[in-house]
Amino acid sequence: MKVPVPAHIGSIVLVLPLLLAVLQTATAQKNGIQIYSLTVDSKVSSRFAHTVVTSRVVNKAEEAQEAIFEMELPKKAFITNFSMIIDGVTYPGNIKEKATAQKQYSEAVARGESAGLVKATGRKMEQFQVSVSVAPTAKVTFELVYEELLKRHLGVYELLLKVRPQQVVKHLQMDIHIFEPQGISFLETESSFMTNELADALTVSQNKTKAHILFKPTLSQQQKSPGQQDTVLDGNFIVRYDVNRTLSGGSIQIENGYFVHYFAPEGLPTMPKNVVFVIDKSGSMSGRKIQQTREALIKILSDLGPKDQFNLITFSSEVTQWKPQLVPVSTENVDEAKRYAAGIYALGGTNINEAMLTAVRRLKNDNQAELLSEGSVSLIILLTDGDPTVGETNPRKIQKNVQEAIDGQYSLFCLGFGFDVSYAFLEKMALDNGGLARRIYEDSDSALQLQDFYQEVANPLLTTVAFQYPSNAVEEVTQDNFRLLFKGSEMVVAGKLRDKSPDVLSAIVKGKMHKQNVTFQTKSSVAKQEEEFQSPKYIFHNFMERLWAYLTIQQQLEQMVSASEAESEVLKDRALNLSLEYNFVTPLTSMVVTKPEGQEQSQVAEKPVEDGECGTCVPASWAAEHLPGILSHPSPMSQPRWRVLGVSMNLKWGFSMLKWRGSPSHTCPLFYPVTPPLPRKGLPEPTSFPSFSFRTTLVVPAPIQAPPVLLTLPGPSMDRLCVNIKHSQEPMNLLSDPDQGIEVTGQYNTEKACFHWIEVTFKNPQVRVHASPEHVVVTRNRRNSAYKWKETLYSVLPGLKMTMNETGLLMLSGPDKVTISLLSLDDPGKGLLLLLRDTDHFSSHVNGILGQFYQDVLWETPQGADDNKRILKVQGKDYSATRELKLDYQEGPPGKEISCWSVEL
């Protein structure tokens, strides 16, 4: 039975942000609210994604309960609709101008009603939450619709969906259709929650122009353990792809009277560039920031092109140039620059104005002296973590000074490190000068973020790019002039066809390459293109028109940052009108969602502006002062129990170092008395743990160790070789197999008996995996992705699968490939282990200090030796092998005992 529409309908005001292509699904508290259906339907037509998220819940409790719809949304997508259906009655969302919605919200706040919230939850994400009271047995359907234009980044488009239902769902499905008329050149999926069991619920199909990804897990596949409601679905599901391209680089696509022109030509040579790095070394950069900056800068210097020129400028209160002029890239200059970068230390104030003007003067003087190569591109890259404090400190004056100095001759890219810097200040300064701004987040991968940004601008292909269309054919065209085209990116122009446009739409793109002008021409048949987009299965109605509106709004919002006050008002009015016309939630609009009467009526969610636990520790000095006295203190109780290495013992006194945490001046916790025999005098409170008693001296046998390298030997015996490396601290070639297209290198720490780092390189697909005790970095197409150990990963590329489970075991495998596993031990100081299996796939050309054991190996028994001793003869060398018990981590921690042949190298 339908619930009648109430006479008075209240409203909830949701000031929602612009998003990108990520969603977080509905969540429900474990309070009787059950999600019985959750579907994600995403259709990507010519890079434009239209996503519908539908969550259906029912209240199983005997009283009214709160149902929560919660999503994580990226910043570049626009919500186009949100609604709730409660027992058959729809409570829709309406887009309004932000000022109108704000007035409605303010009136609600004055009545004492609460506010909703959109807040930043990550680097690209924002969290949106709506709640509604649900009567017993009543059902609610939440539906969210959003749209976005996928942006090409380092050679790929990425569609990201975030799944977090917080309970198993009877009907859960993600259905993704991709249609690209240019043809799909490659497709890959990645997930942070996928398991081998869940992988059976994933199907991926693809032909020349279409791809279909379906994920439909059963209840049992979703469960963490049988019979439980806890779900393993908590994380990201990512689809990456690219399209086929030609030398002309242009593709014009037409649908329902609108066109979009994509431009990313293949095969163009990289233009030489002149780069001035302007590095903040003020006191606020001290510690981890400056360390990561040095690390990133050293890596970036290695990636400079052979025809590039560069210089380094560091600044705090004063400004220092590394060289009096830009220098060419050479082994000598790069090595010297790396040594200089390694010696950058943080101290002093922040004189951004003088640093920027020094960088501009450097480029101008070198250009006037004809030291810069003809046809080269000049870039200034600024990295700072704070607002100006020395010299000129007025942000507007600094922006004006820099713009007047650059005068359109160079491009400025601004990187803001952390949240102590005004991002709006940096963004305007960059956009004023033909560049862009980026925030660098303080995290373990900050150095990688810096490197990734450099890769985006490392390869300029064209400058001064202009798109031209016949004036009698098109109107209302989006931005059609661009300063720079970089390798791996894409230029996008959209517009409207005139009523009597020609049957064939032609376009000319002009630009400048190194020392020459270049022209590209593209033509497209209107009738043929219109026909291509008629299939309703792969597109949604008027998607090209909505793409044009989306792109126009995004560009106008960006142009407002650097426009004059009068120009900004014009841009704002047009962007607002388009937002209202096309029902987009943007920074200029808000969504008002009606709710049943009697519930909290108004909530507002403002868009967020861009702009190591130690537990209870005791000082080591305290322990040194008081420990001797405590140890000699007579016990007031008989046989108090103390926790020693996780075991409780009935001894008179027993202390043991458990672990060191924090700085050298503090120790966390040293010892825990289970039954304290005296006042603790500041010791941490005891904690509970399983215990058992000993009344004799405790003798603990030496624990079985895991070998740093475990090799499964080929053949039916499947015997294993445990390798210990005793004599190398330098990076070494562990194994290389050209037929397999695999190379493994690493640096071994003989003192800790483990690897400091291991790097695995695959030729097909071209992937590099660099593992350190801190994290794993996967590099593909110059794009770095960092994963923390024990962060579940399931990535499927053509010919390669990468998985990591909650124990931290990373496995790299593929059809007819050797399986390489890497494991970081719980204590990062202990380093990495290397494990190999499926080694029968090695070819006869395998080599390296580990690869040699897969060549012709002879086993001999030494004269008079027992069965636990052997001699291995490998490529003219003899190795003593001893049968020993070791821990095998092939299936991850805690490992299992095995018998293997132990060899020292």
Original post:
What residues form a ring pair (Phe, Tyr, Trp, His ring centres under 6.0 Å) with Phe315, not counting sequence neighbours?
Top reply: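 Not a single residue meets the ring pair (Phe, Tyr, Trp, His ring centres under 6.0 Å) criterion with Phe315.
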**OP:** Test Glu158 against Arg783 for salt bridge (Lys or Arg N to Asp or Glu O under 4.0 Å), laying out the working first.
**Re:** CA-CA 12 Å; Glu158 182 175 284; Arg783 186 183 70 254; 5.3 Å; no
So does [X] have more than 12 non-hydrogen atoms from other groups sitting under 6.0 Å from [atom1]?
X: Gln409; atom1: CD; answer: yes
X: Gln766; atom1: CD; answer: no
X: Lys788; atom1: NZ; answer: no
X: Lys510; atom1: NZ; answer: no
X: Gln516; atom1: CD; answer: yes

Cationic tip of [X] above [Y] ring, under 6.0 Å, 45° of axis:
X: Arg47; Y: Tyr262; value: yes
X: Arg294; Y: Tyr345; value: yes
X: Arg362; Y: Phe277; value: no

**OP:** Could you give me the CA-CA distance, side-chain angles and deciding distance for Ser446 and Asp443, then say whether side-chain hydrogen bond (donor to acceptor under 3.5 Å, both in side chains) is met?
**Re:** CA-CA 5 Å; Ser446 296; Asp443 207 337; over 6 Å; no
Euclidean distance, [Y] [atom2] relative to [X] [atom1], rounded to 0.5 Å:
X: Glu354; Y: Asn401; atom1: CD; atom2: CG; answer: 10.0 Å
X: Ile352; Y: Asp280; atom1: CD1; atom2: CG; answer: 6.5 Å
X: Thr358; Y: Glu318; atom1: OG1; atom2: CD; answer: 10.5 Å

Original post:
Among all residues two or more places apart in sequence or in another chain, which pass the salt bridge (charged side-chain N to carboxylate O under 4.0 Å, His left out) test with Glu336?
Top reply: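 Listed in chain order: Lys323.
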So, does [X] use its side chain to make a donor-acceptor pair with the main chain of [Y] at under 3.5 Å?
X: Ser317; Y: Gly349; value: yes
X: Gln559; Y: Val561; value: no
X: Asp445; Y: Ala786; value: no
X: Arg780; Y: Ser785; value: no
X: Ser376; Y: Lys273; value: no
X: Lys364; Y: Ala405; value: yes
X: Asn517; Y: Met513; value: no
X: Asn365; Y: Arg361; value: yes
X: Gln747; Y: His756; value: no

With a 4.5 Å cut-off on side-chain heavy atoms, are [Y] and [X] touching?
X: Val769; Y: Leu810; value: yes
X: Asn311; Y: Gln325; value: no
X: Asp366; Y: Asn274; value: no
X: Leu383; Y: Cys414; value: no
X: Phe486; Y: Leu154; value: no
X: Phe310; Y: Leu326; value: no
X: Gln309; Y: Val329; value: no
X: Met802; Y: Val778; value: yes

**OP:** Check the pair Ser564 / Glu567 against side-chain hydrogen bond (donor to acceptor under 3.5 Å, both in side chains), numbers first and verdict last.
**Re:** CA-CA 5 Å; Ser564 66; Glu567 292 171 337; 3.2 Å; yes
**OP:** Kindly state each residue pair satisfying salt bridge (charged side-chain N to carboxylate O under 4.0 Å, His left out) with at least one member in residues 402-429, sequence neighbours excluded.
**Re:**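 Listed by first then second residue: Lys428-Asp432.
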Original post:
How would you list all residue pairs meeting salt bridge (charged side-chain N to carboxylate O under 4.0 Å, His left out) that involve residues 373-389, not counting sequence neighbours?
Top reply: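 For residues 373-389: Lys289-Asp385.
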Original post:
Ser330 and Glu332: side-chain hydrogen bond (donor to acceptor under 3.5 Å, both in side chains), yes or no, with the steps?
Top reply: CA-CA 5 Å; Ser330 66; Glu332 181 181 349; 5.5 Å; no
[X] to [Y] - nearest heavy-atom pair and separation:
X: Ser316; Y: Ser282; answer: CB-CA, 3.8 Å
X: Pro708; Y: Cys754; answer: CB-CA, 4.3 Å
X: Phe417; Y: Gln292; answer: CZ-OE1, 3.8 Å
X: Pro265; Y: Leu268; answer: CG-CD1, 3.4 Å
X: Ala296; Y: Ala447; answer: CB-O, 3.5 Å
X: Val334; Y: Leu301; answer: CG1-O, 3.8 Å

Lys/Arg-Asp/Glu bridge criterion (N-O < 4.0 Å) met for [X], [Y]:
X: Arg240; Y: Glu190; answer: yes
X: Arg768; Y: Glu743; answer: no
X: Arg782; Y: Asp452; answer: no

Establish, from distance only, whether the side-chain atoms of [X] and [Y] form a donor-acceptor pair under 3.5 Å.
X: Glu730; Y: Tyr748; value: no
X: Asn236; Y: Ser192; value: no
X: Thr320; Y: Lys281; value: no

Mind listing the side-chain donor-acceptor pairs of residues 455-462 below 3.5 Å, one per line with the distance, residues two or more places apart or on another chain?
unit_1, atom_1, unit_2, atom_2, d
Gln455, NE2, Asp303, OD2, 3.2
Glu456, OE1, Arg438, NH2, 3.2
Glu456, OE2, Arg438, NH1, 2.8
Glu456, OE2, Arg438, NH2, 3.3
Asn459, OD1, Thr270, OG1, 3.4

Original post:
For the rings on Phe263 and Phe467, is their centre-to-centre separation under 6.0 Å?
Top reply: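 Yes: the rings meet the under 6.0 Å criterion.
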Subject >> Output field: ring centroids Trp757/His770 closer than 6.0 Å >> reply: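 So the answer is yes for these two rings.
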Original post:
Do Trp789 and Glu791 pass the side chain to side chain contact (heavy atoms under 4.5 Å, CB included) test, and can you show the C-alpha distance, the side-chain angles, and the key distance before you say yes or no?
Top reply: CA-CA 5 Å; Trp789 291 102; Glu791 178 181 300; over 6 Å; no
**OP:** Identify, with sequence neighbours excluded, every residue that meets side chain to side chain donor-acceptor pair (under 3.5 Å) alongside Thr478.
**Re:**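 Expected list: none.
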